[in-house]
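Each chain gets a letter, A, B and so on, in the order its sequence line appears, and its residues count up from 1. Values below: every heavy atom of this structure, side chains too, minus hydrogens, waters and symmetry copies.
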Amino acid sequence: MSQISLTFPDGNSREYDAGVTPAQVAESIAPSLAKKAISATVNGEHWDLQWPIDGDAKIAINTMQDDEPALELIRHDLAHIMARAVQEIWPDVKVTIGPIRDNGWFYDFDREEAFTPEDLGQIEAKMKEIINARDAVKTEVWSRDDAIKFYEDRGENYKVELVNRIPEGEDIRMYWHGDWQDLCRGPHLQHTGQVPADGFKLTHVAGAYFLGDSSRPMLQRIYGVAFKNRKDLKAWETMMEEAAKRDHRKLGKEMDLFHMQEEAPGQVFWHPNGWTIYTKLQDYMRRQQYRDGYVEVNTPQVVNRKLWEASGHWENYQENMFIVEVDEDHAREKTVNALKPMNCPCHVQVFNHGLKSYRDLPLRMAEFGSCNRYEPSGALHGIMRVRGFTQDDAHIFCTDDQIEAETKKFIDFLAGIYADLGFHNWTIKLSTRPEKRVGSDESWDRVEAALGDACKAAGYDYEIQEGEGAFYGPKLEFVLTDAIGRDWQCGTLQVDPNLPERLDAVYIGQDGAKHRPVMLHRAVLGSFERFIGILIEEHAGKLPFWLAPRQVVVASIVSDADGFVDEVVEALKAVGVRAEADKRNEKINYKIREHSLGKVPFILAIGAREVEERTVSVRRLGEQKTSTMSLDDIVAELKLSTTPPDLR
RNA sequence: GCUGCUGUAGCUCAGUGGUAGAGCACUCCCUUGGUAAGGGAGAGGUCGACAGUUCAAUCCUGUCCAGCAGCACCA
């Protein structure tokens, strides 16, 4: 038998027989290590203790101290343990797949009846039994025919299909947790007892399609989360509670920002407080766009189908459009219109009106465009995913040669805005050519390179999303990470040579001939609705002062102070601060509590002493201590604070 | 759109086959109180909509609408 050389993390190496397993290697180092071992890392690959090593390699034996492999194994083994528990309780349930995911795992089952929350408790209890039984994990590589026969005999038709989908040349690996068997890539732990019994929890059950295919029947997916110990699990639970407190739907109600109701699903009724945020944000964006060389336009909501046919939306996007039929008097047939789902075709109409010269390019045409899309009911989510929304949309009409410079200019523009709005964690994704596409490979090469180069020129790295571009061109996506680590796609830039072609947009070049411009679809916030939702959650409702809908409440402590309260409110309003009086017959404690819960950044309390001295007692949101300031000083401070960041 | 769950007062929620209740909010009265809930009284609901079963439906059944979780979707 040939010898191989294994190199350990400390740089030492040892000779072993070829085909040695990490379990044997660990045993050769120390029996205690062999016991503690959970897996190995062989040449950077996560390796099961039972898998043979055939050639020279770098090897590290992993234990529960190694977070990444430990969590991966715990979660993956729990997926199997859960599936085993389910099949032990309900033997007729068919298993499908169960990968790890986020902080845990899920497993999809085919079962007639729905799993109930009580079932989850029963499954959890059974899982703990399995863990305590410390059943050994075994693995073998099987032939395709044997695996298929095995699953056919058991009636596990989903597994048969999965085996068939494994590419030629790849191992078909079978795993056993005790007597329970599953098809799995691995790696896995040594035995079920290595899973911490108190670090996991089944969270919920929901429907999911087999292999994500919506044309197939729906399975039931049970989700779980798992950590190395009870403490980490508790920490996760606490974080989830924090996230729930920030939910924009909850805060929107508490802060009286907006509401939605069933007569207008997916559309927002903005209340005065919410609309204040919206208009302040819009004012800010309008100033930014003006400075960056955009012109602003406004275009119709209800547009005849002829334009949508010309643009291609009628063919490709119709099921997402609100169709409006108008029965005009004496008309032979109804006029068919659609609410615009996007602004681009209308912007081309503006571009086409009057002959454009190369001197007009790049032409940056912006609109706070109200769009309506008939989104699938299941996609709606608060004000984040709606059917009626306003984009901070713009289309840059330019030449091929200008794409890169315009893209860089846009990235700089967007970066400045995100910084002003308090977002410093964001990344860029570049989506490249999809399988179904128009245009030559040379042109895709050129445009993809232009976008990538523009990112680098602006000083940003980007991640490539292979094949995720639109059929007509590649795109950049700008993804924000919020305060609790969630990602949100907001900004976007898409290169589109297709629509100018379809709608026959032209400009007169230097040579006197007609040429086709390219369009860059771009947005910074995405939609006001969504972005405001993100702002609310990012700041947990405590928006930056200049965006806070209610900025100051001036509260009387005794009714004798009412006159001065009004005077303070007027002085603040005179400098543009959103101030209101609270002269109600309530104690100051009551008022403080109510306005603090309402996330008002400043409460100015006024009693007899303040009236006497013409001062205010200042309480800032989130602080217990108060300070006394003169009327002039507080007015000056708040006047500065309410100034948007770009005007300071 | 699909699977499952939910829909009772402005909000958060309890409850029953014989047409409903709490706390907070609201209105009024008492209280003028110094930094996160002072006290009392009052008003407020076609129990999501429409059918069906029943002597009787908010409760049981069906359909629809909306919301929630996830999946699918998101040029």
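The C1' atoms of B/rA14 and B/rA75 are separated by 49 Å, rounded to the nearest whole Å. B/rG52 and B/rA41 are spaced 45 Å apart, taking the C1' atom of each and rounding to whole Å. B/rG67 sits 23 Å from B/rA51 when the C1' atoms are compared, rounded to a whole Å. Atom C1' of B/rA57 sits at a distance of 15 Å from the matching atom of B/rA49, rounded to the whole Å. On the P atoms, B/rC5 is 23 Å away from B/rU58, given to the nearest whole Å. Nucleotides B/rG15 and B/rU8 have their P atoms positioned 14 Å apart, rounded to a whole Å. Taking atom C1' on both nucleotides, B/rG10 is separated from B/rA72 by 36 Å, rounded to a whole Å.
Electrostatic pairing of A/E613 and A/R609 does not count as a salt bridge here, judged by no charged N lying under 4.0 Å from a carboxylate O. A salt bridge between A/E237 and A/K201 is present, with a side-chain N of the basic residue lying under 4.0 Å from a carboxylate O of the acidic one. Between A/K245 and A/E242 there is a salt bridge, since at least one side-chain N of the basic residue sits less than 4.0 Å from a carboxylate O of the acidic one.
Judged by distance alone with a 3.5 Å cut-off, no donor-acceptor contact links the side chain of A/H521 to the base of B/rA75. Side-chain atoms of A/R373 and base atoms of B/rC73 include no donor and acceptor less than 3.5 Å apart. Between the side chain of A/R619 and the base of B/rA36, at least one donor-acceptor pair of N or O atoms lies under 3.5 Å. Looking at A/E610, its side chain comes within 3.5 Å of the base of B/rG34 through a donor and an acceptor atom. Residue-to-nucleotide contacts include no donor-acceptor pair under 3.5 Å from the side chain of A/Y209 to the base of B/rG70.
Residue A/R593 has its side chain nearest to B/rA36 when only B/rA75, B/rA36, B/rA72 are considered. Comparing atom distances between the A/E586 side chain and each of B/rU32, B/rA75, B/rG38 picks out B/rG38 as nearest. Taking the side chain of A/P376 as heavy atoms from C-beta on, and the options B/rC2, B/rA36, B/rG1, the nearest nucleotide is B/rG1. The side chain of A/A206 has B/rA69 as its nearest neighbour among B/rA69, B/rA36, B/rU32. Of all nucleotides listed (B/rC11, B/rA69, B/rA72), B/rA69 comes nearest to the side chain of A/H381. Side-chain proximity of A/K253 to the nucleotides B/rU12, B/rA36, B/rA69 is greatest for B/rU12. Across B/rA37, B/rA72, B/rG33, the shortest atom-to-atom separation from the side chain of A/S214 is found for B/rA72. Across B/rA36, B/rC73, B/rA75, the shortest atom-to-atom separation from the side chain of A/Y472 is found for B/rA75. Listed candidates were B/rA75, B/rG33, B/rA37. Nearest to the side chain of A/A470 is B/rA75. Looking at the side chain of A/A608, the nearest of the listed nucleotides B/rC73, B/rG34, B/rU3 is B/rG34.
Side-chain N/O atoms of A/Y590 include one lying less than 4.0 angstrom from OP1 or OP2 on B/rA25. In this model, the phosphate group of B/rA75 is not approached by any side-chain N or O of A/N316 to a distance below 4.0 Å at OP1 or OP2. Here A/R249 reaches the OP1 or OP2 of B/rC68: one of its side-chain N or O atoms lies under 4.0 Å away.
Protein atom CG of A/L380 is 16 Å distant from nucleotide atom P of B/rC73, rounded to whole Å. The interatomic distance linking A/F115 (CZ) with B/rG4 (P) rounds to 13 Å, in whole Å. If you take NZ of A/K340 and P of B/rA75, they are 18 Å apart, rounded to a whole angstrom. One can place CD of A/Q489 at 15 Å from P of B/rC73, the figure rounded to the nearest angstrom. A straight line from CD of A/Q318 to C1' of B/rC74 spans 18 Å, rounded to a whole angstrom.
For A/Q624 and A/E375, each mapped to the nucleotide of RNA chain B holding its nearest heavy atom, the one lying further toward the 5' end belongs to A/Q624. Between A/M342 and A/K587, it is A/K587 whose nearest contact on RNA chain B lies nearer the 5' terminus.
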TODO: Kindly indicate, with the supporting measurements, whether the criterion side-chain hydrogen bond (donor to acceptor under 3.5 Å, both in side chains) is fulfilled by A/D119 and A/T116.
DONE: CA-CA 5 Å; A/D119 291 342; A/T116 64; 3.3 Å; yes
Task: side chain to side chain contact (heavy atoms under 4.5 Å, CB included) assessment of A/V577 paired with A/F602 - done: CA-CA 11 Å; A/V577 173; A/F602 279 78; over 6 Å; no
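A/R221 forms a cation-pi arrangement with A/F106, by the criterion of a distance under 6.0 Å to the ring centre and an angle within 45° of the ring axis. Within the cation-pi definition used here (under 6.0 Å to the ring centroid, within 45° of the axis), A/R75 qualifies as a partner of A/F227.
Rounding to the nearest 0.5 angstrom, the gap separating the OG1 atom in A/T492 from the CD1 atom in A/I428 is 11.5 Å.
Centroid-to-centroid, the aromatic rings of A/F423 and A/F478 stay 6.0 Å apart or farther.
Taken together, the paired segments of RNA chain B that extend over three or more consecutive Watson-Crick or G-U pairs, each closer than 3.5 Å at both contacts, are B:1-7 with B:65-71, B:10-13 with B:21-24, B:26-30 with B:38-42, B:48-52 with B:60-64.
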